[in-house]
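To start, the structure itself, in structure tokens.
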Amino acid sequence: QVQPVESGGGLVQAGGSLRLSCSISGSMFRLDSMSWFRQAPGKQRELVAAITTGGSTNYADSVKARFTISRDNTKNTMYLQMNSLTPEDTGVYYCNVRGKEGFGYSPRDYWGQGTQVTVSS
């Protein structure tokens, strides 16, 4: 059973930095895009950043120039370096992985349990 696992969340002061990691337990036949989403209290889950197998990236406007997404394909691990954090970045950050568990399987999304990021003012 494939399961993304996030780590690296915590409490940080405004202006600080955090680095999130997402590793995948279980084996995947094919790993496609990997993404970070976040959900603030009372708000819908939103895309923060995404990265393809080839390394193409996409960011939400609110995090451009502050966050950097990367991945290590040899380790099936993704990272999110978050700098210049503000209280508006507070939320639960989720790892999303899209891929196939085996030949003949349909591609699907896998979600982690989430890691809390809290930025104090």
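Listed for the Y59 side chain is a donor-acceptor partner under 3.5 Å among the backbone atoms of I69. A distance-only check finds a donor-acceptor pair linking the side chain of T53 to the backbone of L31 [under 3.5 Å]. A side-chain donor-acceptor contact under 3.5 Å links T90 to the backbone of V119.
For the residue pair D89 and R66, the shortest heavy atom distance occurs at OD2-NH1, 2.8 Å. Across L47 and S35, no two heavy atoms sit closer than the pair CD1-CB, 3.9 Å. Annotation for S17 and N83: closest pair OG-OD1, 2.9 Å, computed over non-hydrogen atoms. E6 approaches W36 most closely through the heavy-atom pair CG-CZ3, 3.8 Å.
For Q113, the CD atom counts as loosely surrounded, since its 6.0 Å shell holds 12 or fewer non-hydrogen atoms of other residues, nucleotides or ligands.
With a 4.5 Å cut-off on side-chain heavy atoms, C95 and M78 count as touching. Side-chain contact between F67 and L85 is present, with at least one heavy-atom pair separated by less than 4.5 Å. At least one side-chain heavy atom of M28 sits less than 4.5 Å from a side-chain heavy atom of V97. R38 has its side chain within reach of V63: a pair of non-hydrogen atoms, C-beta onward, lies under 4.5 Å apart.
In this structure, OG1 on T68 lies 14.0 Å from OH on Y79, to the nearest 0.5 angstrom. Expressed to the nearest 0.5 Å, how far CD of Q39 lies from CZ of R45 amounts to 5.0 Å. The OG atom of S33 sits 6.5 Å away from the CG atom of N96 when rounded to the nearest 0.5 Å. Taken from OH in Y94 to CZ in F37, the straight-line distance is 12.0 Å, to the nearest 0.5 Å. Taken from CG in D109 to CZ in R98, the straight-line distance is 4.5 Å, to the nearest 0.5 Å. Atoms OG1 and CG, from T115 and L80 in turn, are 11.0 Å apart once rounded to the nearest 0.5 Å.
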(message) Using side chain to side chain contact (heavy atoms under 4.5 Å, CB included), reason through V48 and M82 one step at a time and then give a plain yes or no.
(response) CA-CA 11 Å; V48 175; M82 305 186 294; over 6 Å; no
Name every donor-acceptor pair, under 3.5 Å, that has one atom in a side chain of residues 19-26 and the other anywhere in the protein, sequence neighbours excluded.
{"unit_1": "S25", "atom_1": "OG", "unit_2": "Q3", "atom_2": "O", "d": "3.0"}

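Linking Ile, Leu, Val, Met, Phe, Trp and Tyr whenever their side-chain heavy atoms come within less than 4.5 Å leaves V2 and F29 in two separate clusters.
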